[in-house]
Amino acid sequence: TQLLEQSPQFLSIQEGENLTVYCNSSSVFSSLQWYRQEPGEGPVLLVTVVTGGEVKKLKRLTFQFGDARKDSSLHITAAQPGDTGLYLCAGASFGNEKLTFGTGTRLTIIP
Amino acid sequence: SQTIHQWPATLVQPVGSPLSLECTVEGTSNPNLYWYRQAAGRGLQLLFYSVGIGQISSEVPQNLSASRPQDRQFILSSKKLLLSDSGFYLCAWSPTWSGHQPQHFGDGTRLSIL
């Protein structure tokens, strides 16, 4: 069974600070996706990383896929209240229609 | 553009009653379809997925069943609900031609069992 552990589980920081959340597994994935979910809504895809070592930037968000394709990180620069939400990573395996979702990081940005 | 609709948004049911949650996708053909359950503030547990009409794969043994009577319709059902069936249920679709299976979610159904 593939597992994706996210850390920290909860994170509360002041507006303007930087932060990093992590997504780790012992399994290799063909790609890894990050989603953000707000209360009462479904997750929304932020980014997909495909190549080991790949770095993608989405405004103040930087996503990195580990060289061995087993882990990923999300770094947010100068966090804003609009970044508040549940961040979920999800791994895809070659030839598999299913995603393995991580345990989630609940992020709260305090104005 | 593709859209996914899921209803109802909120449902309160007594223990032992039946359940039917519906999900429809528009703007695409032959999508992969998924039902998930989410515990409060946590990750998603895959319940069922379907790669075509009438094709259902179950991920965990449980009190629920799923059906896909039409290409873009996915239904989650139960004959008799248990207290443990309470939760947030999410439907999602992904394009079959995508090698990286990004999934697109509905807004979910909050199910409370009394």
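The basis for the numbers below is simple: all heavy atoms, side chains too, and nothing from hydrogens, waters or symmetry mates. Letters A, B, ... are given to chains in the order of the sequence lines, protein chains preceding strands, and every chain is numbered from 1.
Of the two parts of A:T103, the backbone and the side chain both hold a non-hydrogen atom closer than 4.5 Å to a non-hydrogen atom of chain B. For B:Q45, no part lies near chain A; criterion is any non-hydrogen pair under 4.5 Å.
Transitive grouping of hydrophobic side chains (ILVMFWY, heavy atoms separated by less than 4.5 Å) brings B:L19 and B:V15 into a common cluster. At a threshold of 4.5 Å between side-chain heavy atoms, the hydrophobic network of Ile, Leu, Val, Met, Phe, Trp and Tyr places A:I109 and A:L11 in one connected group. Connection of A:Y22 to A:L32 is not established within any shared hydrophobic cluster, with ILVMFWY side chains joined at heavy-atom distances below 4.5 Å, either directly or through further cluster members. By the rule that hydrophobic residues join a cluster once side-chain heavy atoms approach within less than 4.5 Å of another member, B:L46 and B:I75 end up as members of separate clusters. A:F101 and A:L86 fall within the same hydrophobic cluster, defined by Ile, Leu, Val, Met, Phe, Trp and Tyr side-chain heavy atoms under 4.5 Å apart, directly or through other members.
Heavy atoms only, all atoms of each residue included: B:Y34 and A:K98 are closest at CE2-CA, 4.4 Å. Between B:Q103 and A:Y35, the shortest heavy-atom distance links the atoms N-OH, 3.0 Å.
Among A:E41, A:R106, A:Q6, the residue making the largest number of heavy-atom pairs under 4.5 Å with chain B is A:E41. Interface check for chain A: of the options B:L44, B:V51, B:L90, the most heavy-atom pairs under 4.5 Å are formed by B:L44. No other option in B:E59, B:Q6, B:R110, B:H104 has as many heavy-atom pairs under 4.5 Å with chain A as B:E59.
To the nearest 0.5 angstrom, B:F105 atom CZ is 8.0 Å from A:L88 atom CG.
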